[in-house]
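Data block below; observations after.
Keep in mind that this is a model prediction, so the values were computed, not measured.
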Amino acid sequence: MQITILPNRVLTTLENETLMEALIRHSFPIENVCNGEGTCGKCKIRMSGYVSPPSQRDLEHLNDLEIESGVRLACAVTPKEGMIIELDFVESPDRKEGVRLGLKATVLDSRIIKVFVKSSKPSLADERGDWDRIADELSLVTGKNYDKVSTYVLGKVPHVLRELDFALTATISENEVLDIEAGDTTKRLYGVAVDIGTTSVAVALVDLNQGNILKVVSTENEQTAYGADVISRIAFAMESQESAMALRAAIRRTINHLLEELEVQTIVGRNEIYKMTIVGNTTMHHLFLGLDVSHLAVSPFVSVCNRPLEFSAMVLGLEINSQARILLLPNIGSFVGGDTLGAIVGAPEVLDQGNHLLIDLGTNCELFLKTENTMLACSTAAGPAFEGAGIAYGMRAKLGAIEGVTLTEEGVAYQVIGGQEPIGICGSGLIEAIDEMRKAGVINKQGKIVDPDKAQTLSPELRKRIRPIEKGREFVLAYGMNQGQDITLSQRDIGELQLAKGAVCAGIKTLVEMAGITVPELDSVTLSGTFATYLKVCNIFNIGLVPDIPEERIKTVGNAAHVGAILALLNHQEEVMARELYRKISHVELGGSTTFSNYFMNSMYLERLS
């Protein structure tokens, strides 16, 4: 059976599979937080042509306006002939784009150079081979010998050499010629830095001659179709070799789509990209390379490889120059990967004299603590709540997401990305909403939504917004307009945020105790990650996301992991620093720590923590 996927794809389905299963099998991007169980309500698609009747799952998760306009949950749709499916029907520019465009390296040493040479023509008096002629000229210019050459370059030599009268440009890495081009192309030398996040992937295009970032693009990691967090993806990869290959293909496809987008939006061809640096947590690192993740799933959580790795683009199936050098920053241990080292490189002030804490907030949260005596790092499973996943009306930070909330006696004021009618709430909005609800008395410090009949100190308008649901209560942040859906926060949503923030705060306290210092002795706390950029310090203090220290010691640095990847792309010394750090940093496993468990229980409260 065939159905159409807009704008111009045709999908062939199998007997007895749902639309969700068919989309995943054909590698279409679709949110699948609950792995097709029908509990998350995130896998929304819009149907035309033949529109299936709403299922019980649709009735539970969709409002009347959505159902009338053909929106359904993919996990509940049985494919039928004549279906036309629209997947991404909400415009979604990503906040990650542009966050790093102002960065410019002060030192350029990418170890990739272009050299222009003009060779003499062959004659009876000079019968050197074509490659010998080029290698000799290059040696005169650079002072190096070029005895190592690939069949790829040798195959191009005769044509390229004669195309523009024996004038050509060689692209060189150390003492190896990666490629040759006719004429003088020395001004066109590019690289890309890739941040493989659990939820999203960002790629920065960089001019390796000038050090300028030309464009940053990002999108959702296609692996989210197989699970929202690293644990669910490891479980999926362990089901079969085919499952592991599907995850590897998904992330490589995501990166290649972004590379294609860069080519469309700039004047840089993918074949002009000669170097790539990659950061990601250990699970993303392994799934990208197609490595066995089964030992990451059980104690002592051992990776296949922590050392820095280098490959050619051709080996990894990445659609840039086939001879381009691909560098993966090293992992530290367990789930703490190259993204943490990237964040340290991108925010080097955490290595200054004193006690400094780096918190890289995301679906998988990493912590790095540097004192005068030690360097420690750990990973804590914050879960996808910070990205809006696992929250009934949660979404990524894109158009239509509530990003700011204020409660007064008159009701709720909110700010929406794009200034339009809200369709959900993103992580920064979730944290501020819960803090405002706490301050107003809608919830107590245990996170419980109060009984409106007993909360006489609340204004009538706020009491009216508290209403019963099947399991507990919910609070209305925004009433649906034009028959749209109400945006609410339920008791379960608040609990998801408490679990995430409790894990982060307990991890901080555990590291601090292990390092032999106290929280007040921290000279700085650096919050990294695009999500962290949009948080208000007062909110993260008030809900106890981070321990209470003087506000001037808190700073946000954007996506430091991606900045680190960019700096390592541009300057070999930054890469060397990452290689040295990974051997010096001690990994701390929180899984079996009673200290962490004890702190975790106390960190669930929505209150300032000392």
Side-chain angles (χ1 to χ4, degrees), residues 95 359 361-362 365 382-450 458-459 461-462 465-466 474-479 486-502 504-505 525 527-548 551 554-556 558 603-609:
R95 279 174 158 177
I359 308 172
L361 284 173
C365 176
F386 292 147
E387 301 279 358
I391 307 300
Y393 293 97
M395 60 185 292
R396 291 180 62 204
K398 57 186 182 181
L399 293 182
I402 294 175
E403 62 173 341
V405 176
T406 304
L407 266 64
T408 66
E409 290 188 354
E410 286 73 38
V412 180
Y414 48 81
Q415 297 78 50
V416 181
I417 298 175
Q420 62 190 66
E421 182 180 350
I423 58 175
I425 186 167
C426 64
S428 59
L430 174 68
I431 285 178
E432 184 162 30
I434 288 177
D435 184 26
E436 287 287 304
M437 291 164 67
R438 182 200 59 82
K439 288 190 294 185
V442 173
I443 57 178
N444 58 28
K445 73 175 186 179
Q446 286 81 22
K448 185 177 180 180
I449 301 176
V450 300
L458 287 179
S459 69
E461 174 59 30
L462 293 180
R465 289 173 177 263
I466 301 173
E474 66 180 7
F475 180 78
V476 181
L477 292 174
Y479 291 108
D486 295 344
I487 309 299
T488 66
L489 286 181
S490 69
Q491 193 67 68
R492 181 183 178 278
D493 295 333
I494 297 166
E496 289 292 319
L497 188 278
Q498 287 178 276
L499 288 171
K501 80 96 186 175
V504 173
C505 194
V525 174
L527 297 175
S528 170
T530 305
F531 162 68
T533 305
Y534 295 90
L535 297 179
K536 296 177 181 177
V537 172
C538 62
N539 297 146
I540 63 175
F541 277 153
N542 289 340
I543 70 168
L545 177 60
V546 298
D548 197 359
E551 187 171 325
I554 298 275
K555 63 180 294 187
T556 58
S603 298
M604 295 283 284
Y605 292 111
L606 298 173
E607 61 181 357
R608 285 187 174 237
L609 299 174

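L497 has its side chain out of reach of L489: every pair of non-hydrogen atoms, C-beta onward, lies at least 4.5 Å apart. In this structure, the side chains of K555 and V525 stay at 4.5 Å or more apart for every pair of heavy atoms. F541 is listed as a side-chain neighbour of I554, based on a closest heavy-atom distance under 4.5 Å. A heavy-atom distance below 4.5 Å is not found between the side chains of I425 and D493.
Closest heavy-atom contact between S428 and F531: N-CE1, 3.4 Å. Of all heavy-atom pairs between F475 and I466, the closest is CD1-CG1, 3.8 Å. Among all heavy-atom pairs drawn from V405 and Q415, the shortest one is N-OE1, 3.7 Å. Here the closest non-hydrogen pair linking E551 and V537 is CG-CG1, 3.5 Å. Between M604 and Q498, the shortest heavy-atom distance links the atoms O-NE2, 2.9 Å. Taking all atoms of both residues into account, the shortest heavy-atom contact from K501 to L606 is CE-CD2, 4.3 Å.
Residues that satisfy the side chain to side chain donor-acceptor pair (under 3.5 Å) test with N542, not counting sequence neighbours, are D435, R608. Listed by chain and number, the residues in a side-chain contact (heavy atoms from CB on, under 4.5 Å) with E436 are T406, L407, E432, K439 (sequence neighbours excluded). Qualifying side-chain contact (heavy atoms from CB on, under 4.5 Å) partners for E410, counting only residues two or more places apart in sequence or in other chains: T408. Here V476 pairs with R465, R467, Y479, D486, T488 under the side-chain contact (heavy atoms from CB on, under 4.5 Å) rule; sequence neighbours left out. Annotation: side-chain contact (heavy atoms from CB on, under 4.5 Å) contacts of T556 (sequence neighbours excluded): L527.
For the atom pair R492 CZ and E474 CD, the distance stands at 13.0 Å (nearest 0.5 Å). Between atom CG of residue L462 and atom CD of residue E409 there is a gap of 8.0 Å, rounded to the nearest 0.5 Å. Put simply, OG on S603 and CG on L545 are 10.0 Å apart, with the number rounded to the nearest 0.5 Å. Taken from CD1 in I391 to CD1 in I494, the straight-line distance is 9.5 Å, to the nearest 0.5 Å.
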For residues 441-449, please give each side-chain donor-acceptor pair under 3.5 Å, one per line with the distance, not counting sequence neighbours.
from	atom 1	to	atom 2	distance (Å)
N444	OD1	Q446	N	3.0
N444	OD1	G447	N	3.2
N444	OD1	K448	N	3.0

Passes side chain to side chain contact (heavy atoms under 4.5 Å, CB included), L361 versus F386? Steps please. CA-CA 8 Å; L361 284 173; F386 292 147; 3.9 Å; yes
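For the pairing with I487, the side chain to side chain contact (heavy atoms under 4.5 Å, CB included) check across I423, V412, V416, I402 returns one residue only, I402.
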